[in-house]
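Read through the structure below, which is laid out as structure tokens, and then see the notes.
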Amino acid sequence: MKKKIGFLSFGHWTPHPTSRTQSASDALLQSIELAVAAEELGADGAYFRVHHFARQLGSPFPLLAAVGARTSRIEIGTGIIDLRYENPLYMAEDAGAADLIAGGRLQLGISRGSPEQVVDGWRYFGYEPAEGDTPADMARKRAQTFLQVIEGRAFAQPSPRPMFPNPPGLLRVEPYSEGLRERIWWGAGSDATARWAGELGMNLMSSTLKDDETGEPFHVQQRKQIEAFHEAWKAAGHERTPRVSVSRSIFALVSDEDRAYFGGRGDDTDQVGMIDETTRAIFGRSYAAEPDALIAELAGDEAVAAADTLLLTVPNQLGVEYNAHVMEAILTHVAPALGWR
């Protein structure tokens, strides 16, 4: 199955002497340069994780706009934006502006977020769930508001004495970018949230972590999650064809440097653990092997086979040049043999 192949960066920085990403400035500027390199290599997308209260990328839209201005072809996205921290109308303005700068290439992954660095960090941003709601409820309601706003619907009563002349009738959030609504992805951690995304007409983004709902291998559970999404999409009667992405850590060992970094990592099996007091989760394995062995292993990954988009998680602290090498090795030595290109 032909696939779009992009990279997913955590944007982490550390002053550790071995890191090639020493500061926030390094992380941001190198993210832009890596996106440029990915486009030159023929990759299809540049995606960025968003984390707050951490030495990682926390404010996606300036970065997305900068990448959009420096590239011309690749998709640009997030995996994911935690809506517990977001004002959906302000986010709609930022997303519309970034998408227009990029010429309609934004692919926004949104969700309720992952385990945090601090307790209830969204409270420090001034947000509280409504009475009777959970933080997850708050995120899902904001998602629905965001989707409605980026459709371009006019809803705001204009001032009788405006500063500038207005078009007739109610006003919408500006800038509006046509088509953005169809390029929103929901980061689903369970079968139920995958079905919810399908019902609302969002694309599905599934990472290397999901609720352990059946005890089966991760890739099997993830494939079943994808099937549940497609069933819900079909039942909802949406006319367009949805997209599904999965992310993986995949390293083709083609140099001594690759073997030194990733040979014998020992994380080639799924891991199960508790991500909070009540949620048992399963973490998908990583792949690192010589190309022939890697091709054979990936051929058995049912979720990768079921998805149309594969996001390669990259170790951004190893710098732009090495991560470009990681992507090129997959695009050259692995993807063609699996029919992905």
Side-chain angles (χ1 to χ4, degrees), residues 1-10 12 20 34-35 37-49 74-75 77 79 204-210 216-226 243-272 281-341:
M1 177 183 178
K2 299 293 184 182
K3 296 190 190 301
K4 290 183 179 290
I5 300 177
F7 74 85
L8 174 62
S9 175
F10 286 73
H12 189 71
R20 297 172 190 170
L34 185 56
E39 182 166 89
E40 292 173 349
L41 289 168
D44 300 295
Y47 287 72
F48 304 96
R49 292 287 297 269
I74 58 171
E75 298 178 340
L204 176 65
M205 183 173 282
S206 190
S207 71
T208 53
L209 166 69
K210 74 175 295 292
E216 296 171 292
F218 172 79
H219 71 104
V220 175
Q221 293 197 48
Q222 192 174 46
R223 186 258 301 163
K224 291 183 176 181
Q225 181 191 45
I226 293 169
R243 290 182 59 186
V244 174
S245 75
V246 297
S247 57
R248 292 289 186 271
S249 295
I250 304 174
F251 301 97
L253 307 182
V254 298
S255 70
D256 289 341
E257 189 175 22
D258 298 331
R259 297 180 189 96
Y261 281 135
F262 301 108
R265 283 177 55 156
D267 54 359
D268 57 354
T269 58
D270 297 338
Q271 302 293 320
V272 175
I282 184 166
F283 304 78
R285 58 162 295 185
S286 296
Y287 293 90
E290 304 291 328
D292 287 347
L294 195 58
I295 290 164
E297 292 177 359
L298 286 166
D301 191 312
E302 296 179 13
V304 171
D308 61 79
T309 300
L310 174 64
L311 302 182
L312 304 172
T313 60
V314 297
N316 77 284
Q317 289 173 276
L318 295 180
V320 174
E321 183 177 353
Y322 183 74
N323 280 295
H325 159 76
V326 167
M327 286 188 287
E328 185 176 24
I330 299 298
L331 293 170
T332 302
H333 299 290
V334 177
L338 288 165
W340 295 350
R341 308 296 281 175

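The structure displayed is predicted, hence computed values, not measured ones.
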Just to verify, what does Lys3 make a salt bridge (charged side-chain N to carboxylate O under 4.0 Å, His left out) with, not counting sequence neighbours? none

Donor-acceptor pair, side chain of Arg49 and main chain of Gly79, under 3.5 angstrom: yes

Measuring from Ser206:OG to Ile226:CD1, what's the distance to the nearest 0.5 Å? 6.0 Å

Determine all donor-acceptor pairs shorter than 3.5 Å in which one atom belongs to a side chain in residues 333-341; sequence neighbours excluded.
unit_1: Arg341; atom_1: NH1; unit_2: Asp44; atom_2: OD2; d: 2.7
unit_1: Arg341; atom_1: NH2; unit_2: Gly42; atom_2: O; d: 2.7

Thr332: what forms a side chain to side chain donor-acceptor pair (under 3.5 Å) with it, not counting sequence neighbours? none

Gap between atom CG of Leu312 and atom CG of Leu331 - 0.5 Å precision: 7.5 Å

Considering residues at least two apart in sequence or located in another chain, which fulfil the side-chain contact (heavy atoms from CB on, under 4.5 Å) criterion with Pro217? His219, Val220, Asp270

Extract all donor-acceptor atom pairs below 3.5 Å that involve side chains of residues 286-298 and protein atoms in other chains or at least two apart in sequence.
unit_1: Tyr287; atom_1: OH; unit_2: Asp301; atom_2: OD2; d: 2.8
unit_1: Glu290; atom_1: OE1; unit_2: Arg259; atom_2: NH2; d: 3.4
unit_1: Glu290; atom_1: OE2; unit_2: Arg259; atom_2: NE; d: 3.0
unit_1: Glu297; atom_1: OE1; unit_2: Arg285; atom_2: NH2; d: 3.2

Could you walk me through whether Leu318 and Tyr261 pass the side chain to side chain contact (heavy atoms under 4.5 Å, CB included) test, one step at a time? CA-CA 10 Å; Leu318 295 180; Tyr261 281 135; 3.7 Å; yes

From CG (Leu8) to OG (Ser249), nearest 0.5 Å: 9.0 Å

According to the interplanar angle, ranging from 0 to 90°, do the rings of Tyr322 and Phe262 count as parallel (below 30°), tilted (30 to 60°) or perpendicular (above 60°)? parallel

Can you list everything that forms a side chain to side chain donor-acceptor pair (under 3.5 Å) with Ser247? Sequence neighbours excluded, please. none

Under a 3.5 Å cutoff, is there a donor and acceptor pairing between the side chains of Thr309 and Arg243? yes

